[in-house]
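Take a look at the structure below.
All chains are named by letter (A, B, ...) in the order of the sequence lines, taking the proteins before the strands, and each is independently numbered beginning at 1. Reckoned from all heavy atoms, side chains included, excluding hydrogens, waters and symmetry mates. Just so it is clear, the model here is predicted, and its values are computed rather than measured.
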Amino acid sequence: RLAVKLHKTRAALWNEYFNNYANMSAEMWEEEKYEDGMKWKFLEHKGPYFPPEYQPLPDNVHFYYNGKTVKLSLAAEEVAVFFAQMLDHEYTTKVVFRENFFKDWRKEMTHEERSLIQDLDKCDFGEIHAMHKAKTEARKNMSKEEKQALKEANQKIVDEYGYCLLDHHKERIGNFKIEPPGLFRGRGEHPKQGMLKKRIQPEDVIINCSKDSRIPVPPAGHHWKEVRHDNSVTWLVSWTENIQGSNKYIMLNANSKLKGEKDWEKYEVARKLKSRVDDIRYQYLQDLKSKQMVTRQRAVALYFIDKLALRAGNEKEEGETADTVGCCSLRVEHITLHEQLDGNECVVEFDFLGKDCIRYYNKVPVIKKVFKNLKLFLENKQPGDELFDRLNTNVLNKHLSSLMPGLTAKVFRTYNASITLQQQLKELTNKSDNVAEKLLSYNRANRAVAILCNHQRAPPKTFEQSMANLQAKIDARKEQLALAKTELKQAKKEAKTKGNSDPKLQAAVKRCEEQLLKLEVQATDREENKQIALGTSKLNYLDPRISVAWCKNMEVPIEKIYNKTQREKFAWAIDMTEADFEF
DNA sequence: TATATAACTTAGGATAGCTTAA
DNA sequence: TTAAGCTATCCTAAGTTATATA
């Protein structure tokens with residue numbers, strides 16, 4: 001009940017803010033009274049935008065099997081094109097990808113095709129691939145006018161399908177396009193990579209909107225799977241995808257009221273954790289000594305989640321997805337215990353694949369009680385056995401929500417990310433620094449969070465080159481600076497005899513120094529960022545009010561840290577945050 | 001109580017398109 | 001003016017969590 005009350009108070013606060021934000025007077029916007037769980041009262045939209053239908057290959061582009069031209073049926077040809085388009089990609093060399101593709105491709109073939117085409121290695125997609133490359137090339141080389149026309153056509157689609165009416169607001173939709181068919185590209189060693197992701201028809205699509213709205217019209221000759229009017233959910237359109245059998249949704253853009261409010265709530269829960277975290281930590285440290293195995297496992301898991309910002313780690317169905325784990329699903333093989341390592345005692349070495357098959361590797365000194373428990377958990381287990389065999393995310397989250405309303409495993413990630421940013425910003429930035437230095441500090445604080453959350457990226461392909469280019473610029477600037485300095489010296493000497501120094505030359509030296517510093521700072525920033533992605537934490541874990549307050553305090557324009565999309569998403573924070581905000 | 005499912009957030013890679021330097 | 005390089009945006013996969021179902 002308390003949580004509901006809290007929620008309602010927040011909703012009222014939010015409405016007050018949003019009235020201002022939307023630049024509407026309170027009278028114009030009759031305050032919505034939402035029942036619990038009601039997401040909207042009125043929802044109208046145009047339905048999804050479908051990808052264009054398949055365009056058959058021109059007659060001069062051939063597919064060959066075993067060296068002979070084969071004219072494929074339309075369905076088989078479309079799938080062949082999917083494969084041909086990916087030929088430059090590493091995917092198409094992987095055995096699993098090729099096998100899955102070939103199996104699904106054969107399903108699309110006619111009887112005759114199927115009996116002829118039995119070996120993928122005998123297929124020659126060369127001409128189709130070349131055609132595709134030529135097409136992308138041609139697109140790149142379009143004239144200004146053609147590009148402009150294309151842009152306008154796209155804008156027209158956005159104007160028509162990209163917005164909806166939700167209660168009193170025209171809101172942008174996040175993804176209004178139905179996903180086009182193609183070959184499934186999973187991450188890492190995905191058992192389903194290469195399978196055919198089928199074309200979605202209107203008959204597969206569920207529409208969600210108000211009863212009294214103008215119901216979206218299906219494409220000519222088609223009908224929707226269902227039209228429903230469920231205002232307890234936020235999606236406008238959904239369909240079932242054929243690879244995993246899971247649902248896909250069309251939902252609002254991040255700048256919408258619905259999403260913004262949810263985001264705000266997320267950070268409010270994390271702030272609440274801030275005020276409770278001491279007690280909660282004390283509790284799980286006590287629990288390390290519990291007589292109950294479940295409780296001790298839960299305590300160790302919480303220790304990891306809190307200290308290392310690990311994800312909850314749901315169980316996954318084997319063979320359906322790549323083999324990745326989070327905290328609760330860690331297996332014996334993923335950790336190594338060291339009584340002594342690099343001068344530290346009780347070190348746990350983690351090595352596992354997390355979400356998106358991103359490797360988590362870390363050597364962490366832990367407290368003795370945790371170490372002792374871990375040793376116990378490992379007893380009589382095989383490498384493939386679960387470390388926390390009595391624990392799952394359900395048990396863990398049930399416990400957490402009993403400690404604090406709204407508390408779940410992922411709140412710790414949000415909390416620790418945001419509090420780390422705030423602390424780091426305090427520690428790293430000086431008011432007297434120039435903007436470039438302040439931004440380096442900001443990025444370093446952001447980077448500390450990204451490292452904590454293990455947000456990695458593949459080093460950009462052009463990284464080495466781009467670093468070299470930057471270094472060349474720095475060298476050139478250094479030379480220029482040296483030159484400017486000698487000129488100034490010379491001028492000063494002459495000034496002694498003539499009596500006036502040269503302010504122009506002094507300014508030139510100063511400008512040169514500033515530019516050099518800026519370049520050097522940029523180089524440092526880029527080098528440190530080689531394998532680290534800052535965007536994910538910025539967008540999903542860092543309370544934007546921390547950044548907004550920092551910008552105000554440091555007199556850094558908000559545009560320096562948030563691009564247009566980010567400013568739109570965080571409009572609420574930019575609008576409501578004072579310089580003294582504390583997370 | 002276990003398992004499945006729905007709904008929603010979080011995630012990195014691909015690509016479009018803008019900026020900058022040659 | 002053009003191409004290279006970089007950033008923003010798009011895309012959709014892969015998580016988490018709450019709830020429904022067996």
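- Checking side-chain atoms of His334(A) against main-chain N and O of Asp351(A) turns up no donor-acceptor pair under 3.5 Å.
- Regarding contacts with the backbone of dA7(B), every side-chain N or O of Thr234(A) stays at 4.0 angstrom or more from both OP1 and OP2.
- Contacts between chain A and DNA chain C, taken as any atom within less than 4.0 angstrom of a protein heavy atom, begin and end at dG5(C) to dA18(C).
- In this structure, the CZ atom of Arg139(A) is 13 Å from the C1' atom of dG17(B), given to the nearest Å.
- Look at Thr536(A) and you'll find a side-chain N or O under 4.0 angstrom from OP1 or OP2 of dG12(B).
- Distances shown here put a side-chain N or O of Asn247(A) below 4.0 Å from the OP1 or OP2 atom of dA6(B).
- Whole-Å rounding puts the Asn540(A) CG to dA11(B) C1' distance at 8 Å.
- The CG atom of Asn529(A) sits 13 Å away from the P atom of dG12(B) (whole-angstrom rounding).
- Nearest-nucleotide positions on DNA chain C place Asn563(A) closer to the 5' end than the other of Asn563(A) and Gly354(A).
- In this structure, Asn563(A) contributes its side chain and Gln566(A) its backbone to a donor-acceptor pair below 3.5 Å.
- Direction of the helix axis in the helix from dT1(B)-dA22(C) to dA22(B)-dT1(C) shifts by 0° between the two five-pair termini, rounded to 10°.
- Salt bridge annotation for Arg331(A)-Asp323(A): present, with a cationic side-chain nitrogen under 4.0 angstrom from a carboxylate oxygen.
- Proximity of Lys266(A) to the phosphate of dT10(B): a side-chain N or O atom is located under 4.0 Å from OP1 or OP2.
- Distance from the side chain of Tyr249(A) is smallest for dC8(B) among the nucleotides dT10(B), dG13(B), dC8(B).
- Side-chain N/O atoms of Asn314(A) and Thr393(A) include a donor and acceptor closer than 3.5 Å.
- Of the side-chain N and O atoms in Arg311(A), none sit less than 4.0 angstrom from OP1 or OP2 of dT9(B).
- Distances shown here put every side-chain N or O of His89(A) at or beyond 4.0 Å from the OP1 or OP2 atom of dG13(B).
- Heavy-atom distances to DNA chain C give each of Gly186(A) and Gln566(A) a nearest nucleotide, and the one nearer the 5′ end belongs to Gln566(A).
- In this structure a side-chain-to-backbone donor-acceptor pair under 3.5 Å is present from Asn397(A) to Ala409(A).
- Between His190(A) and Phe184(A), the gap from one ring centroid to the other is short of 6.0 Å.
- Ion pairing between a basic and an acidic side chain is recognised when a charged N comes within 4.0 Å of a carboxylate O; Lys564(A) and Glu568(A) show such pairing.
- Checking the phosphate oxygens (OP1, OP2) of dT9(B), a side-chain nitrogen or oxygen of Lys259(A) falls inside 4.0 Å.
- If you check residues 196-205 of chain A against DNA chain B, you find no residue with a heavy atom closer than 4.0 Å.
- Checking side-chain atoms of Asn253(A) against main-chain N and O of Arg172(A) turns up no donor-acceptor pair under 3.5 Å.
- With Gln422(A) contributing its side chain and Phe583(A) its backbone, the two residues share a donor-acceptor pair below 3.5 Å.
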